Undergrad: 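Before I ask anything, here is the structure I am working with.
Each chain gets a letter, A, B and so on, in the order its sequence line appears, and its residues count up from 1. Note that the structure is predicted; figures quoted are calculated from it, not measured.
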2 protein chains.
Amino acid sequence: MSEKTGGPSMTERLEAALVEEIATGQIAPGERLDESVLAQRFGMSRTPVREALNRLVAQGILVPGEKRGVRVAEYTHEELAQIFEAMHEIEAVCAQLAAKRLSLLSRARIETAQAGCLAAAEQGDIPAYLRANEALHMAIYDATENPFIKQMATEFRRRTGPFRAKKFRTKADLIASAQSHMPLIEKIFSTDSHGADAIMRSHMTESFLQVLAANG
Amino acid sequence: MSEKTGGPSMTERLEAALVEEIATGQIAPGERLDESVLAQRFGMSRTPVREALNRLVAQGILVPGEKRGVRVAEYTHEELAQIFEAMHEIEAVCAQLAAKRLSLLSRARIETAQAGCLAAAEQGDIPAYLRANEALHMAIYDATENPFIKQMATEFRRRTGPFRAKKFRTKADLIASAQSHMPLIEKIFSTDSHGADAIMRSHMTESFLQVLAANG
DNA sequence: AACTCATATTTTGCATGCAAAATCAATAAA
DNA sequence: TTTATTGATTTTGCATGCAAAATATGAGTT
């Protein structure tokens, strides 16, 4: 009786495809997206393409081009600093709330995700690490028990995705990253919300500098 | 030679109109929005209506209806608590950053806005107070010097608009609200970021309870 | 009255077409 | 060589139409 009505529409499929391609860098920041080209490439008319592009613009993943069309959001160094600051501030809030509200379930999810990070790092498997890292962050966002804050954090994560991805080049990068999670997780597990917030903040500058280095 | 090309499109006009009508409560939370009806009402075809609705859905102002169409976002008490928590957390971040970075210009803007609040409150002019209050918040968001954080805060403000509006019924409400800004502004002006954050937080529960009371 | 099942109606998602606006290209003038 | 100007071309924004999905309606059955 209660089947989730309706399969994915063309609009939704395109939207998902674009999010994916942008996140993985297949479509680079600054690149222009042409309605008709996309329509042809995905075998649909311009109408659903437009809808998908509109949604992505609303999410800040795409921006209206200076002259025409839309392009993948691209930031100056200053803007990059600002967007990372915003993301880190939200993540600090998340860490704080997670520590304050930690449930057994949340704790288990965070532990599992962190184990996944360590495993992927040990194997030097970058794509696996990216996924595991993502899962860890989501687990922390979930632990806030606030879906609105989670959504906000997730959106910023999407927007910064293309830039963060470049940070990870070697196995050493992965291991360093996975290790750096530990103090934060410990603070969350000991329900030290102030400490969790402080640690998150202390990582901000460092983390941003790495991003900047990786993105010229 | 650098005129901002292009006037507002039909899509943009409808979007703005709907944001306005929803913010002021003319269209109530839960109400269903029909494409064809809107198209007729605003003298345009369904295409631009759809685009506008899509954007508003992406902003969380509208949500996809259970059966069909879209409706104005409506929240349970629990969700209301969550969304206000999210907004307040962001505002706390804003207050902190504003205090940390306060420029002369920002200070002047905040002062002007607060003067406007007091004036409107004295006169018991509710619409004017709402506008002035909005301006004050925007001035504080601007003072963060971070457009991304400002945008995020603004979006939450929009989403909570319909619920906050009901808080103000009498002149006394306005005066109380305007007065309650003072300690926060003082902390910001004395660049006491920790204090600003603390004050913002201390207002959270109180503010939310008022909203809840006003919204059944 | 409650439950099917079939049929009518509404609503959606998408394709297509077109006119206006914006951009580009090419030529002419300074 | 730069600067205007004009015309060609692309791109956009929107209207319209239609088929399929979703929903409401209603008759017939238990």
Undergrad: When rounded to the nearest 0.5 angstrom, what is the spacing between CG in Leu184(A) and CD1 in Ile140(A)?
TA: 5.0 Å
Undergrad: Find the distance between CD (Glu91(A)) and CE (Met200(A)) and round it off to the nearest 0.5 Å.
TA: 4.0 Å
Undergrad: At their closest point, which heavy atom of Glu89(A) faces which heavy atom of Leu97(B), and how far apart are they?
TA: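 Closest approach of Glu89(A) to Leu97(B): OE2-CD2, 4.1 Å.
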Undergrad: More than 12 heavy atoms of other residues, nucleotides or ligands under 6.0 Å from CD of Gln40(B): is that the case?
TA: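 Counting neighbours around CD of Gln40(B), 12 or fewer heavy atoms of other residues, nucleotides or ligands fall under 6.0 Å, so no.
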Undergrad: So how far off straight is the helix from dA1(C)-dT30(D) to dA30(C)-dT1(D), going by the axes through five pairs at either end, to 10°?
TA: 20°
Undergrad: Could you go step by step and tell me if Leu174(B) and Asp125(B) meet the side chain to side chain contact (heavy atoms under 4.5 Å, CB included) rule?
TA: CA-CA 9 Å; Leu174(B) 304 187; Asp125(B) 184 341; 5.9 Å; no
Undergrad: Is the distance between the ring centroids of Phe208(A) and Phe163(A) less than 6.0 Å?
TA: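 Ring centroids of Phe208(A) and Phe163(A) are no less than 6.0 Å from each other.
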Undergrad: Check this for me: Arg158(B), atom CZ, are more than 12 non-hydrogen atoms of other residues, nucleotides or ligands nearer than 6.0 Å?
TA: no
Undergrad: Distance under 6.0 Å and angle within 45° of the ring axis: does Arg13(B) meet both against Phe42(B)?
TA: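 No, Arg13(B) does not lie over the aromatic ring of Phe42(B).
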Undergrad: Would Phe84(A) and Phe148(B) satisfy ring-ring contact (aromatic ring centres under 6.0 Å, His included), going step by step from the backbone distance to the final call?
TA: CA-CA 9 Å; Phe84(A) 272 87; Phe148(B) 296 95; 10.0 Å; no
Undergrad: Which pairs, protein N/O on one side and nucleotides 6-9 of chain D N/O on the other, fall under 3.5 Å?
TA:
none

Undergrad: In the 5'-to-3' direction, what one-character label does each nucleotide of nucleotides 10-17 of chain C receive under the scheme B = base within less than 4.0 Å of a protein heavy atom, S = sugar-phosphate only, - = no such atom?
TA: -SBBSBBB
Undergrad: Quick one: pull up CD1 in Ile90(B) and CD1 in Ile90(A) and give me the separation to the nearest 0.5 Å.
TA: 6.5 Å
